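All values derive from a computational prediction rather than experimental measurement.
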Amino acid sequence: MRRAVCPGSFDPLHKGHVEVIARAANLFDEVVVAVSVNPAKRYRFSTEERIAMIESTLSSLAGVTVRPMGLGLLAEFCREIGADAIVKGLRNGTDLEFEAPMAAMNRHLTGVETVYLPADARYTHLSSSLIKEVHGLGGDVAELVPAAVLRGLDGEP
């Protein structure tokens, strides 16, 4: 069985994330969406809230599970769960420049390869930070995020 990890903070999950995870689910037998925690970041949603929104959104995708990653190295998380690959979506060359050194380090530490999936053109402009900023200033992000996320952004359960 081929297992991949799609890591991220997903604060919040947006349709660009969903599209990459769905494509990864077509390539691997199992995809673990690893919800990370970075003490240097200020999150809008708790880990539990992010996991609930992701699970609600991805419930129809076979072979996809969601787990908290917590603190620590992604490479160690991959080793713990027996992952064969890390899947990362790339919006542009800047993302590649940021991701390539981490991919090399993860391969060095555990032998786990990183697979890059180019973002769908509809979503290359999306980032979780931009979603939060636009929504916070009253902009309409309904077409950019799953329904569960929109409810969360609007303060609904």
When every non-hydrogen atom of Asp95 is compared with those of Gly89, the smallest separation belongs to OD2-O, 4.3 Å
Pair His135, Asp140: side-chain N/O donor-acceptor within cut-off below 3.5 Å: no
Interatomic distance, CZ@Phe28 vs CG@Asp84, rounded to 0.5 Å, equals 7.5 Å
Begin with the C-alpha distance, continue with both residues' side-chain angles, and end with the deciding distance and a verdict on side-chain contact (heavy atoms from CB on, under 4.5 Å) for Val141 and Leu150. CA-CA 8 Å; Val141 297; Leu150 187 60; 4.1 Å; yes
To the nearest 0.5 Å, tell me how far Arg50 CZ sits from Ser46 OG. 7.0 Å
Can you tell me how far apart CE (Met102) and NZ (Lys88) are? Round to the nearest 0.5 Å. 5.5 Å
One should read off an interatomic distance between Leu74 CG and Arg79 CZ, to the nearest 0.5 angstrom, of 11.5 Å
What distance do Glu80 atom CD and Leu73 atom CG have between them, rounded to the nearest 0.5 Å? 10.0 Å
Stepwise side-chain contact (heavy atoms from CB on, under 4.5 Å) check, Arg107 with Val112: CA-CA 5 Å; Arg107 187 175 56 248; Val112 174; over 6 Å; no
Any link between Val20 and Phe98 through a network of hydrophobic side chains (Ile, Leu, Val, Met, Phe, Trp, Tyr) touching at under 4.5 Å? no
Ionic contact status for Arg151 with Glu156, cut-off 4.0 Å: no
Taking all non-hydrogen atoms of both residues into account, name the closest pair between Ala75 and Thr110 and its distance. O-CG2, 3.4 Å
Test item: Leu61 and Val31 side chains (from C-beta on) under 4.5 Å apart, heavy atoms: no
Are the side chain of Ser9 and the backbone of Ser36 linked by a donor-acceptor contact shorter than 3.5 Å? no
Expected output: side-chain Asn38 to main-chain Ala40 donor-acceptor under 3.5 Å: yes
Does the side-chain contact (heavy atoms from CB on, under 4.5 Å) test come out yes or no for Leu144 and Lys15, once each step is laid out? CA-CA 6 Å; Leu144 307 175; Lys15 289 187 178 179; 5.8 Å; no
Could you go through the side-chain contact (heavy atoms from CB on, under 4.5 Å) check for Glu19 and Tyr123 one step at a time? CA-CA 9 Å; Glu19 195 264 338; Tyr123 306 123; 4.1 Å; yes
Checking side-chain hydrogen bond (donor to acceptor under 3.5 Å, both in side chains) between Asp11 and each of Lys41, Lys132, Arg44, Arg42, which is the one that passes? Lys132
With the side chain counted from C-beta on, respond yes when His14 and Val18 share a heavy-atom pair under 4.5 Å apart, and no when they do not. no
Nearest heavy-atom pair of Tyr116 and Ala103: which atoms, and what distance? OH-CB, 3.3 Å
Under 3.5 Å, side chain of Arg3 to main-chain N/O of Ile81, donor-acceptor pair present? yes
What heavy-atom pair brings Pro118 and Arg23 nearest, and what distance separates the two atoms? O-NH1, 2.8 Å
Main-chain N/O of Pro12 paired to Ser128 side chain as donor or acceptor, under 3.5 Å: yes
Are any non-hydrogen side-chain atoms of Pro39 and Leu71 less than 4.5 angstrom apart? yes
Joint hydrophobic cluster, Ile86 plus Leu96, side-chain heavy atoms closer than 4.5 Å: no
If two hydrophobic side chains count as joined below 4.5 Å and joins carry through other members, does Val33 share a cluster with Leu13? yes
Might you point out which heavy atoms bring Pro68 and Phe77 nearest each other, and give the distance in Å? O-CE1, 3.8 Å
Given side chains that start at C-beta, do those of Arg2 and Glu30 come closer than 4.5 Å, heavy atoms only? no
Okay, side chain of Ser56, backbone of Ala52: is any donor-acceptor separation there less than 3.5 Å? no
ILVMFWY cluster, Val35 and Leu126 together (side-chain gap under 4.5 Å): yes
Compare all side-chain heavy atoms of Val87 with those of Val5 and state whether any distance is below 4.5 angstrom. no
What is the distance from atom CG of Leu117 to atom SG of Cys6, rounded to the nearest 0.5 Å? 7.5 Å
Is there a path of hydrophobic side-chain contacts, each under 4.5 Å between heavy atoms, that joins Ile54 and Tyr43? no
